[in-house]
Amino acid sequence: MKIIVSTFFLIAALMITTNVVGQATQADLGKLTKGTVVNGFRVDAIYTDANDKPIGGRFVHARTGFVLDLLQIQSVPQAYTYANTFLVSDMGEPHTQEHLLILKGNKGRNIGVSEAMSLTSSNASTFQTYTDYPFNTAGGNEVFFDIFANYMDTLVHPDYTKEEVAREVRNWGVTEKPDGALALEEKGSVYNEMMSSMNNPDWRAYDKMLRLIYGEGHPLSLNAGGSPEGIRLMTDADIKRYHDANYHLGNMGAVVSVPLDLDPSTVLSRFDTIFEKTEPGQSSRKFPTLKDLPKPSAAPAGTVKVIDYPSDNPQQPSSILLAMPATQNLDVTERMLLQTFLTVFAGESNTNLYKLFIDGKTRVIDTGAKGVNSWMDDTPGDPVFINLNDVPAQNLTPEMAGKIQAAIRNEFARIASFKPGSPS
């Protein structure tokens, strides 16, 4: 079966707004200023609410470089811990690390056991530029610090084995067929997951689109989960090399929210103690940042690719996915404005593109699609995606993709022509 991906360009200008506020021993947020050092952390910014009341700040651990975004919110204590994990291949090293670190080895298994006994919930995910390990606990403040310390030790000093790597990544097993015959079977937790994912048409389309947006071989175009072909090549040496290059406190950070009865000074002091135990001594190691990534090498505007995927039905409806290049450099406010624009431009039945392509009374092109949606990635360059879903097989052609591209460009141009204060 086939699915269509295509690229086109958008130039957008949005109003930019920013709001950032700099030797202390007590972290009175209202008195801290940028550059102040508190319990081993350097103040980088103070965060305020809508009434300009301080509610947290960004603190950088002076010795290791760990970035801590600390907020005081009256809820259970929670942490969104992450490691910067830029891709180096299609083997899926960051995805495999995620599985191994929190599931394997005595330390990984201990996290699961301790969470089950302490009213703690957790998760983990792998993205193009980072891997996250969020958790929250209803067990109280002391449990929170214990769990956080366990995570730091496990992420930086794992103890999983080569055998666990093989079983988690990809290995050979023996399976019995219905007739009793034995057969070799390729398996592994990561391998099975990505085999299923990469047989999904939407996954295939997105994977191909990233390569069109950033260029083949660019770190942001590679498969974060790992392609089945790449996973087959990965060894325990690759896993160790990738962990040694990325899982250090200076390449990690966390967004932490604590209740009001836990003052920031205490949090900083406890974290400083945890970090000293996790990674003692002064760290001078430098890690790559998003600014160090090469510039995208996008396919020419208007490029159309037809992607095959396995299906029992050759007439299976599929998607036409379009994207704008990663040429923007938006701040938080601009991202919010663009995301808001997209929700009224392409989505529900009252949006512009729904009326252009889906609504039988107003559509200008009969694509046969059942719906349209849009989103913006948080990867560098802020690429935007527009997807028409359930397009009949006979309309999955480069010609149809070209017509859709032109119609979307015209709609952008029409909106851009509105005068300030226009009812439209």
(request) Could you tell me which non-hydrogen atom of Gln72 sits nearest to which non-hydrogen atom of Asp263, and how far apart they are? (result) NE2-CA, 4.0 Å
(request) State, to 0.1 Å, how close Gly226 and Ile231 come at their nearest heavy-atom pair, and which atoms those are. (result) O-CD1, 3.7 Å
(request) Let me know which of Lys107, Arg109, Lys104 forms a salt bridge (charged side-chain N to carboxylate O under 4.0 Å, His left out) with Glu164. (result) Arg109
(message) To check you understand the geometry: which heavy-atom pair defines the closest contact between Pro380 and Thr129, and what is its length?
(response) CD-CG2, 4.3 Å
(message) To check you understand the geometry: which heavy-atom pair defines the closest contact between Val143 and Ser118, and what is its length?
(response) CG1-CB, 3.6 Å
(request) May I ask you to say whether Arg211 pairs ionically with Asp90, meaning some side-chain N is under 4.0 Å from a carboxylate O? (result) yes
(request) Among Phe385, Phe341, Phe345, find the residue that satisfies the ring pair (Phe, Tyr, Trp, His ring centres under 6.0 Å) test when tested with Trp375. (result) Phe385
(request) State plainly whether the residues Glu142 and Arg270 are in salt-bridge range, i.e. N to O under 4.0 Å. (result) yes
(request) For Asn251 and Phe287, indicate whether the former's side chain and the latter's backbone hold a donor-acceptor pair under 3.5 Å. (result) no
(message) What's the separation between atom CD1 in Ile55 and atom CG in Leu260, rounded to the nearest 0.5 Å?
(response) 10.5 Å
N/O donor-acceptor pairs under 3.5 Å from side chains in residues 415-424, not counting sequence neighbours:
residue, atom, partner, partner atom, Å
Ser417, OG, Arg414, O, 2.6
Ser422, OG, Ser424, N, 3.2

(message) Would you say that more than 12 heavy atoms from the other residues, nucleotides or ligands in this model lie under 6.0 Å from the CD of Glu185, or not?
(response) yes
(message) Ignoring hydrogens and geometry beyond distance, is a side-chain donor-acceptor pair present between Ser311 and Gln316 at under 3.5 Å?
(response) no
(request) Check the pair Thr235 / Asp238 against side chain to side chain donor-acceptor pair (under 3.5 Å), numbers first and verdict last. (result) CA-CA 5 Å; Thr235 67; Asp238 296 316; 3.1 Å; yes
(message) For the residue pair Arg204 and Tyr309, would you count it as a cation-pi contact if the rule is NZ or CZ under 6.0 angstrom from the ring centre and within 45 degrees of the ring axis?
(response) no
(request) Could you tell me whether Arg63 and Glu279 have a side-chain N and a carboxylate O separated by less than 4.0 Å? (result) no
(request) Could you tell me which non-hydrogen atom of Thr303 sits nearest to which non-hydrogen atom of Pro300, and how far apart they are? (result) OG1-O, 2.6 Å
(request) Applying ring pair (Phe, Tyr, Trp, His ring centres under 6.0 Å) between His61 and each of Phe66, Phe271, Phe275, report the one that passes. (result) Phe275
(message) Run the side chain to side chain contact (heavy atoms under 4.5 Å, CB included) test against Ser349 and tell me which residues pass, sequence neighbours left out.
(response) Tyr354
(request) Answer yes or no: is there a donor N or O on one side and an acceptor on the other, between the side chain of Asp244 and the main chain of Arg241, under 3.5 Å? (result) no
(message) Using every non-hydrogen atom in the two residues, find where Pro228 and Tyr191 come nearest and quote the distance to one decimal.
(response) O-CE1, 3.9 Å
(message) Can you see whether Tyr80 engages Asp69 through a side-chain donor-acceptor pair at a distance of less than 3.5 angstrom?
(response) no
(message) If we ignore hydrogens and angles and just use 3.5 Å, is the side chain of His95 paired with the main-chain N or O of Thr131 as donor and acceptor?
(response) no
(message) Checking side-chain hydrogen bond (donor to acceptor under 3.5 Å, both in side chains) between Thr126 and each of Gln97, His99, Glu98, which is the one that passes?
(response) Glu98
(request) Please examine the side chains of Pro296 and Ile213, heavy atoms only from C-beta on, and report whether any two atoms are closer than 4.5 Å. (result) no
(request) Please work out whether the ring planes of Phe59 and Phe41 are parallel, tilted or perpendicular, with thresholds of 30° and 60°. (result) perpendicular
